[in-house]
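Following: one structure in structure tokens, then a few remarks.
Lettering follows sequence order; numbering is per chain, from 1.
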Amino acid sequence: MPGIPEAEGLYDRIYAVVARIPRGRVATYGQIARLAGIPNGARQVGYALAALHSGSRLPWHRVVNAVGAVSLRAPGAAEQQRFQLEKEGVRFNAAGRVDLRLDRWDGMSRKQRAR
DNA sequence: ATCCTGACTGTTC
DNA sequence: AGAACAGCCAGGA
């Protein structure tokens with residue numbers, strides 16, 4: 001069939017990409033969407049992650065928005081995400097944002113700490 | 001099928 | 001740098 005975008009589910013593809021983000025690095029929603037084959041699916045990525053039940057082993061905390069900030073809305077959740085990232089070595093600036101130029105995952109190699 | 005909501009993003013001011 | 005806007009698209013009512 002000419003139109004089989006996701007015979008395994010859209011979310012599964014998103015989760016698969018998130019699972020590949022190496023420790024100590026972050027990726028943006030748009031970046032993940034693109035890697036999952038969903039050009040303009042940034043919101044879908046957020047939607048998919050929101051659908052995740054607590055207890056999932058997916059490294060969803062490594063996902064930040066386009067400006068390097070945490071987009072969690074639930075009170076306290078954002079701080080928790082930041083704490084977990086800092087624990088992995090990701091640094092936040094005074095504005096509470098990640099410097100994507102330094103810690104963004106290149107989407108290819110799994111481990112590589114440039115800088 | 002229509003409308004509203006949302007863990008988004010790029011452009012423009 | 002921050003705010004307003006307009007696209008974007010999957011769910012749920």
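In this structure, A/G30 reaches the sugar-phosphate backbone alone: every heavy-atom distance under 4.0 Å involves primed, P, OP1 or OP2 atoms, never a base. Nucleic acid contact class of A/A66 (heavy atoms, under 4.0 Å, all strands): sugar-phosphate only. Among the protein residues, A/R97 comes within range of the sugar-phosphate backbone only, with heavy atoms under 4.0 Å from sugar or phosphate atoms but none that close to a base.
For A/R43 and A/Y47, each mapped to the nucleotide of DNA chain C holding its nearest heavy atom, the one lying further toward the 5' end belongs to A/R43.
Listed here is the closest heavy atom pair of A/A33 and A/G41: CB-C, 3.5 Å.
Remark: side-chain polar atoms of A/Q81 are not paired, donor with acceptor, to backbone N or O of A/V64 under 3.5 angstrom. Side-chain atoms of A/E88 never come within 3.5 Å of backbone atoms of A/P22 as a donor-acceptor pair (strictly under, hydrogens ignored).
The interatomic distance linking A/I14 (CD1) with C/dC8 (C1') rounds to 13 Å, in whole Å. If you measure from atom OH of A/Y29 to atom C1' of C/dC9, you get 16 Å, rounded to the nearest angstrom. Rounded to a whole Å, the CG atom of A/N65 is 20 Å from the P atom of C/dC8.
Within a 6.0 Å radius of CD in A/E86, other residues, nucleotides and ligands contribute more than 12 heavy atoms.
Using a 4.5 Å cut-off between side-chain heavy atoms of Ile, Leu, Val, Met, Phe, Trp and Tyr, with links allowed through other members, A/L52 and A/L35 fall into the same hydrophobic cluster.
The structure places CD1 of A/I32 at 12.5 Å from CH2 of A/W60, a figure rounded to the nearest 0.5 Å.
Taking every nucleotide of DNA chain B with any atom under 4.0 Å from a non-hydrogen atom of chain A, the first and last of them, 5' to 3', are B/dG6 to B/dG10.
The separation of B/dA7 from C/dG7, taken at their P atoms, amounts to 22 Å, rounded to a whole angstrom.
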